[in-house]
*Asks:* 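My questions all concern the structure below.
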Amino acid sequence: MTTRHLKSLAVLTSGGDAPGMNAAVRAVVRTALDRGIEVYAIYEGYQGMVDGGDRICKMTWDSVGGILHKGGTVIGSARCADFRTREGRLKAARNLVERHIDSLVVIGGDGSLTGANLFRQEWADLLAELVEKGEISKELADRHPQLTIVGMVGSIDNDMFGTDMTIGADTALHRITEAIDAITSTAASHQRTFVVKVMGRNCGYLALMSALATGADWVLIPESPPAVDNWEEKMCEVLKAGREAGRRDSIVVIAEGAIDRHGNPIGSGYVQKVLEERLGQDVRVTILGHVQRGGSPSAFDRYMSTMLGYAAVETILSPESEGQALLVGMRENRITRSPLMECVEQTHAVADKIAAGQFDQAMEMRGPSFKDAFRTFRTLVRALPHPPTPGQKRFRFAVLNAGAPSPGMNTATRAAVRLGIDKGHIMLGVHNGFQGLIDGEIEELEWMSVAGWASMGGSELGTSRAIPEHSDFYAIARNIENYQIDGLLVIGGWNGYEAAYQLLKERENYPVFDIPIICLPATIDNNLPGSELSVGADTALNNIVEAVDKIKQSAVATHRVFVVEVMGRYCGYLALMSGLATGAERVYLHEEGVTLNDLVEDVNQLIAGFKRGKRLGLMIRNECANAVYTTGFMCALFEEEGGDLFGVRQAILGHLQQGGDPSPFDRIQATRLATRCVEYLIEQAERGSAEGAFIGIQNGQVRLHNLEDYPRMIDRQVRRPKNQWWLELRPIARIMAKPGPGQ
Ligand code: ADP
């Protein structure tokens, strides 16, 4: 790629703060330094740009050390009235051009990005005025004829076009989900109803996704107000029926900007009053407020912001970007660049549609996965399913969990069972994975059997690593016949996929295996084909990141190197991504291998670093990175070679990685995939066809693959897919971890 010559650039955070902004700033600074560009941080947003002086600060490699795990923005953010005036922007232009800065990375919301674009449009005029007033030389102005802007959206609301996720939204969803989970347990104890208000003025993302993730009973969002005028009655009916069906808690989630069909705001107090009056229940309101913004960023916000920060500098360096205003975002799991103002305009257009009462169009503009999530939510929260249509063929589908337990398995099972029952079918739960299918541990699941499973970690059905062989097939065949199973959903990891494939291969011997089978990827290892992220991997990553944050904290006062071993079998996903999210200086992957020369180089790097004043070293190692150079070996080597400079400790994180309640992302993903799996089984069964398939999200889309293709897509010896998208991120991890020469 050709790059333009650039002397310096500046980065600022503006508008509302968002967790992940620090990761973005860190990535911008380190990528710029890696490319030999001077980089400035502008403190306190546009105010710092107008004020100049020490508010515009040259950054070094170390200036952005130790900030990745911090919430908010360490370089400060502010609302700045001065920047809204031309006079203010004139001062800002002078402060920049004096430092030879003509490229800006702006991390903020639509307001901040609009301001940046205005500044860019005025740039030449502003410089001309400065020349005219004798404040800068003509020569200086001529050297910087244009201002280049690259924006990244920092906003917890996830309310911006041009990116599927904004910086901070995933963390906010973590905070909200944790809060609603906690409220649910107290609500259930006292059989109370809670109304929870969450942020989102024009965007119901946080409300909808948190309601979906926590199994709430009702949600009110701006984009899709209740369809009927007597929605209050409808809501009360659903809540009442839920209680009658056995629910002990009721939760209503309201977005800040919730309105009715006529545009009148729906407040939490009003909903409380309605529920109290009509249901005679004890109703409490919780307004979550600023806790939603706070706290340490989630693993996703850390690595996405790192990827965006890296891409922002690359974008600035591209000759086509000169003088432009572009937005870097993440769409379908890939970095995208789009014209900044088009994204801002589209964002405003959604708000305009809502204000004009054109709700269908507003929903349309939010995209298909938002619409699907809303539809699914409405089915899952039903107090009771729709009764089967008279005369419809009722199929019997079995669901099982297979392989090691993975957070999100229960969420997926709940969604599958409810959606299947709601479509009039009979859902059977198989206990203990394929072993249960062999032993006949099978029972019918009712609507309420899966109540409360949305947020539960582990596997309520029970799981096992069993892969059927020999006489097992005969036992399975008998059970399929006895229980009249018309289709099978396998929610699991590697062994689950292997087992499903074995059934497919045995079809010629056992004709009863001629039923549709579908596998849903659920393993923390993220080592399955046809899926970029398996259910459970995000939770595991967050578990690792939290543990490593604590480990790092524990070592502040000592000179210490930690070698942290993470799971993943032969797949380095957890190692690389946790390395990106925690700022590890070295990640050891089986995919890359480890040589003695690598280790010598790493020891030398550590020694040089500690001699320079470094106090902590962090190396993350995939559990199977190398069979000979084990974690213990590496520790001993570093310890011996480090002499008095540093001590070494190993931390094998073990099973804490598999535990805990699923993260919001895993719950949403589990629900989305399970919905499609059930649809697939129904389609296949209705057609009388019996294909095997595995599902996954690739490039942001739900995709199905034929189970026959499974062996071609994997490397069986090392139990991982041939194609692993995240390996592309290794150069970014390297840039973030190692200062170049002279830095
Ligand atoms: P957000 O970026 O989160 O949407 P704001 O809308 O408050 O937050 O914008 C943050 C800052 O960006 C404002 O305080 C102001 O300095 C600047 N800004 C916003 N809109 C404009 C504009 N139209 N012209 C100039 N500056 C603007």
Side-chain angles (χ1 to χ4, degrees), residues 10-22 24-25 41-52 55-56 71-73 75-96 104-123 125-126 129 147 149-163 165-169 171-172 199-203 205-206 222 256-257 289-290 292-294 297 301 305 308 312 325-329 339-352 354:
V11 57
L12 75 151
T13 53
S14 170
D17 65 308
M21 280 180 161
N22 290 327
V25 169
I42 303 175
Y43 283 74
E44 316 307 333
Y46 289 123
Q47 195 61 53
M49 204 196 279
V50 175
D51 294 346
R55 294 281 178 95
I56 305 179
T73 161
I75 62 170
S77 181
R79 314 257 180 214
C80 168
D82 288 346
F83 195 73
R84 290 184 185 271
T85 66
R86 188 180 155 92
E87 215 174 303
R89 294 192 291 274
L90 192 68
K91 285 188 194 155
R94 181 180 165 167
N95 285 328
L96 294 188
L104 276 184
V105 179
V106 181
I107 309 165
D110 61 339
S112 306
L113 299 174
T114 306
N117 186 54
L118 180 66
F119 189 42
R120 176 188 68 98
Q121 287 168 331
E122 289 177 348
W123 179 258
D125 284 350
L126 293 172
E129 191 177 330
L147 180 70
I149 303 280
V150 172
M152 276 181 252
V153 193
S155 154
I156 65 160
D157 291 353
N158 204 26
D159 54 354
M160 184 88 178
F161 246 82
T163 189
M165 285 298 274
T166 57
I167 295 173
T171 307
M199 286 186 171
R201 252 168 298 159
N202 284 312
C203 184
Y205 177 85
L206 293 176
E256 224 177 351
H290 281 79
Q292 297 168 79
R293 256 185 209 296
D301 270 324
S305 305
L308 291 179
L326 297 168
L327 185 91
V328 293
L340 187 134
M341 284 321 283
E342 275 180 25
C343 300
V344 171
E345 278 155 22
Q346 290 274 1
T347 303
H348 291 166
V350 182
D352 294 345
I354 294 171

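As a basis for the values below, the full set of heavy atoms in this structure was taken, side chains included, without hydrogen atoms, waters or symmetry mates. In listed order, ligands and their atoms are each counted from 1.
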*Asks:* Test of understanding: given a 4.0 Å heavy-atom threshold, classify the contact between Phe83 and ligand 1 as side chain, backbone, both, or neither.
*Replies:* both

*Asks:* Over all heavy atoms of both residues, which pair between Ile75 and Ile42 is shortest? Give the atoms and the distance, please.
*Replies:* CD1-O, 3.9 Å

*Asks:* Using a cut-off of 6.0 Å, state whether more than 12 heavy atoms not belonging to Arg201 lie near its atom CZ.
*Replies:* no

*Asks:* Hey, is the main chain of Gly15 close enough, under 3.5 Å, to the side chain of Arg79 for a donor-acceptor pair?
*Replies:* no

*Asks:* As a check for students: among Ala92, Gly154, Ser112, identify the option with a heavy atom nearest to atom 2 (O) of ligand 1.
*Replies:* Ser112

*Asks:* Check the orientation of Tyr46 and Phe83. Use parallel for under 30°, tilted for 30 to 60°, and perpendicular for over 60°.
*Replies:* parallel

*Asks:* Any idea which atoms of ligand 1 are less than 4.0 Å away from a heavy-atom of Gly16?
*Replies:* 3 (O)

*Asks:* Of the backbone atoms (N, CA, C, O) and the side-chain heavy atoms from C-beta on, which set of Leu118 has a member under 4.0 Å from an atom of ligand 1: side chain, backbone, both, or neither?
*Replies:* side chain

*Asks:* Is the closest side-chain heavy-atom distance between Asn202 and Pro222 below 4.5 Å?
*Replies:* no

*Asks:* Any N/O of Gly15 closer than 3.5 Å to an N/O of ligand 1?
*Replies:* no

*Asks:* Donor-acceptor pair, Asp301 side chain versus Ile167 backbone, under 3.5 Å?
*Replies:* no

*Asks:* For atom 13 (C) of ligand 1, which candidate among Gln47, Arg84, Arg89 holds the nearest heavy atom?
*Replies:* Arg84

*Asks:* Could you tell me which atoms of ligand 1, counted from 1 in the order shown, lie closer than 4.0 angstrom to a heavy atom of Gly109?
*Replies:* 1 (P), 2 (O), 3 (O), 4 (O)

*Asks:* Using a strict cut-off of 4.0 Å, indicate which atoms of ligand 1 neighbour a heavy atom of Asp110.
*Replies:* 4 (O)

*Asks:* Would you indicate which of Ser155, Gly115, Gly108, Ala81 comes nearest to atom 25 (C) of ligand 1 when only heavy atoms are counted?
*Replies:* Gly115

*Asks:* Within the 4.0 Å heavy-atom shell around Arg79, which atoms of ligand 1 are there?
*Replies:* 3 (O), 5 (P), 7 (O), 8 (O), 14 (O)

